[in-house]
Protein chains: 2
Amino acid sequence: MAKPAHTSYSEDPKIDALVDETIARVADKWTLLLIEALEEAGPRRFSALGRDVEGISQKMLTQTLRQMEREGLVARTVFPEVPPRVEYELTGLGHELAEAFCGVWTWAEKNIGRIEAARAAYDERNS
Amino acid sequence: MAKPAHTSYSEDPKIDALVDETIARVADKWTLLLIEALEEAGPRRFSALGRDVEGISQKMLTQTLRQMEREGLVARTVFPEVPPRVEYELTGLGHELAEAFCGVWTWAEKNIGRIEAARAAYDERNS
DNA sequence: CTGAATCCTACCTGATACTG
DNA sequence: CAGTATCAGGTAGGATTCAG
């Protein structure tokens, strides 16, 4: 079968693997929600993010932010004050990813109804 | 701060939560790779998918396909033959999701270099 | 306030064996 | 071929405590 026009898969399986790995790292729940929060609110400090992202534990907040910083998605700025203040914001790369994810977001928002219906139908069939 | 124009977040926090949940369910590694495989190859049978998606166990293949079927992303067709043949293919909803993810895919493919560089820089700073 | 360190649980996942 | 059932190991993630 011919490759659909809107896919953009590399011919190189090694690149494919790298891309898969990259997406896997970037497409986890907390990363997604943090990108969302940062995209919406702009530069934001640690505790504020903890409040923005409902249900996130301090551990996962720290861990995910570190990971995102390492991937180049967020910039971390420490202000030498007392008490300490640390701000996080999306980098250019982070913003671009947020835009890329926008399509998925829109899709989910638009299709909640269809998904719920599909689930109900499935559960009905298998009850 | 004003809401960026390209975000499409609902005003309703309840919808937001639903969308987050939906994305979380749909954005896992194997689901992503299966969408990719199915989008590329069209209708495909169980064992073929197992070969397409490198590293997936039979258990996760079954589990992920069931989940996707429940969410309405894939259709499952059983052919009453001997030996049994079962084919999976993306539904309309599934195809739309694949297209939505296309942006993320493109982003990842385009920015592997920047990510690797960011990671190297981070590791350098923290060594 | 911003984290790091520890402990502990639950689930994710792979391997293996078995069925229609 | 297309699964299901079971078991064991690793890991993600939460709660708690402590520190700069």
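Remember, it's a predicted structure, so these values are computed and weren't measured experimentally. Below, chains carry the letters A, B, ... as their sequence lines are ordered, and counting in each starts from 1.
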Could you tell me the separation between the CG atom of Leu61(A) and the P atom of dA4(C), rounded to a whole number of Å?
11 Å

Could you check how far CD of Gln58(A) sits from C1' of dA5(C), rounded to whole Å?
11 Å

Under the salt bridge (charged side-chain N to carboxylate O under 4.0 Å, His left out) test, which residues partner [X], sequence neighbours left out?
X	result
Asp28(A)	none
Arg76(B)	none
Glu124(A)	none
Glu116(A)	Arg119(A)

Before you tell me yes or no, could you show the steps for Arg44(B) and Glu87(B) under side chain to side chain contact (heavy atoms under 4.5 Å, CB included), namely the whole-Å CA-CA distance, both residues' side-chain angles and the distance that decides it to 0.1 Å?
CA-CA 5 Å; Arg44(B) 205 106 170 91; Glu87(B) 281 196 351; over 6 Å; no

For residues Ile115(A) and Arg25(B), determine if any side-chain heavy atom of one lies less than 4.5 Å from a side-chain heavy atom of the other.
yes

May I ask you to test the Leu93(A)-Leu97(A) pair for a side-chain heavy-atom distance under 4.5 Å?
no

Proximity to DNA chain C (any heavy atom under 4.0 Å), residues of residues 120-127 of chain B only:
none

Counting only non-hydrogen atoms, which of residues 72-84 of chain A are less than 4.0 Å from DNA chain C?
Arg76(A), Pro83(A), Pro84(A)

Nearest heavy-atom pair of Leu90(B) and Ala98(B): which atoms, and what distance?
CD1-CB, 4.4 Å

In terms of hydrophobic clustering (I, L, V, M, F, W, Y; side-chain heavy atoms under 4.5 Å; direct or indirect links), are Tyr122(A) and Ile112(A) co-clustered?
no

Shorter than 3.5 Å, N or O on both sides, protein versus nucleotides 8-13 of chain C: list them out with atom names.
residue: dT13(C); atom: O4; partner: Lys59(B); partner atom: NZ; Å: 3.0

Do any side-chain atoms of residues 54-67 of chain A form donor-acceptor pairs under 3.5 angstrom with protein atoms, and if so which ones, sequence neighbours left out?
residue: Ser57(A); atom: OG; partner: Met60(A); partner atom: N; Å: 3.2
residue: Thr62(A); atom: OG1; partner: Gln58(A); partner atom: O; Å: 3.1
residue: Thr64(A); atom: OG1; partner: Met60(A); partner atom: O; Å: 2.6

Okay, side chain of Thr91(B), backbone of Leu73(B): is any donor-acceptor separation there less than 3.5 Å?
yes

Could you walk me through whether Leu49(A) and Leu38(A) pass the side chain to side chain contact (heavy atoms under 4.5 Å, CB included) test, one step at a time?
CA-CA 8 Å; Leu49(A) 286 172; Leu38(A) 286 166; 3.8 Å; yes

List in chain and number order the residues that pass side chain to side chain donor-acceptor pair (under 3.5 Å) with Glu96(A), two or more places apart in sequence or in another chain; answer none if no residue qualifies.
Arg114(B)

List the residues meeting side chain to side chain donor-acceptor pair (under 3.5 Å) with Glu89(B), not counting sequence neighbours, and say none if there are none.
none

Rounding to the nearest 10°, end axes of the helix from dC1(C)-dG20(D) to dG20(C)-dC1(D) built from five pairs each make an angle of 40°

Tyr88(B) and Phe46(B) aromatic ring geometry - parallel, tilted or perpendicular at 30°/60° bounds
tilted

Walk along DNA chain D from 5' to 3' and tell me the first and last nucleotide with an atom closer than 4.0 Å to a non-hydrogen atom of chain B.
dC1(D) to dC7(D)

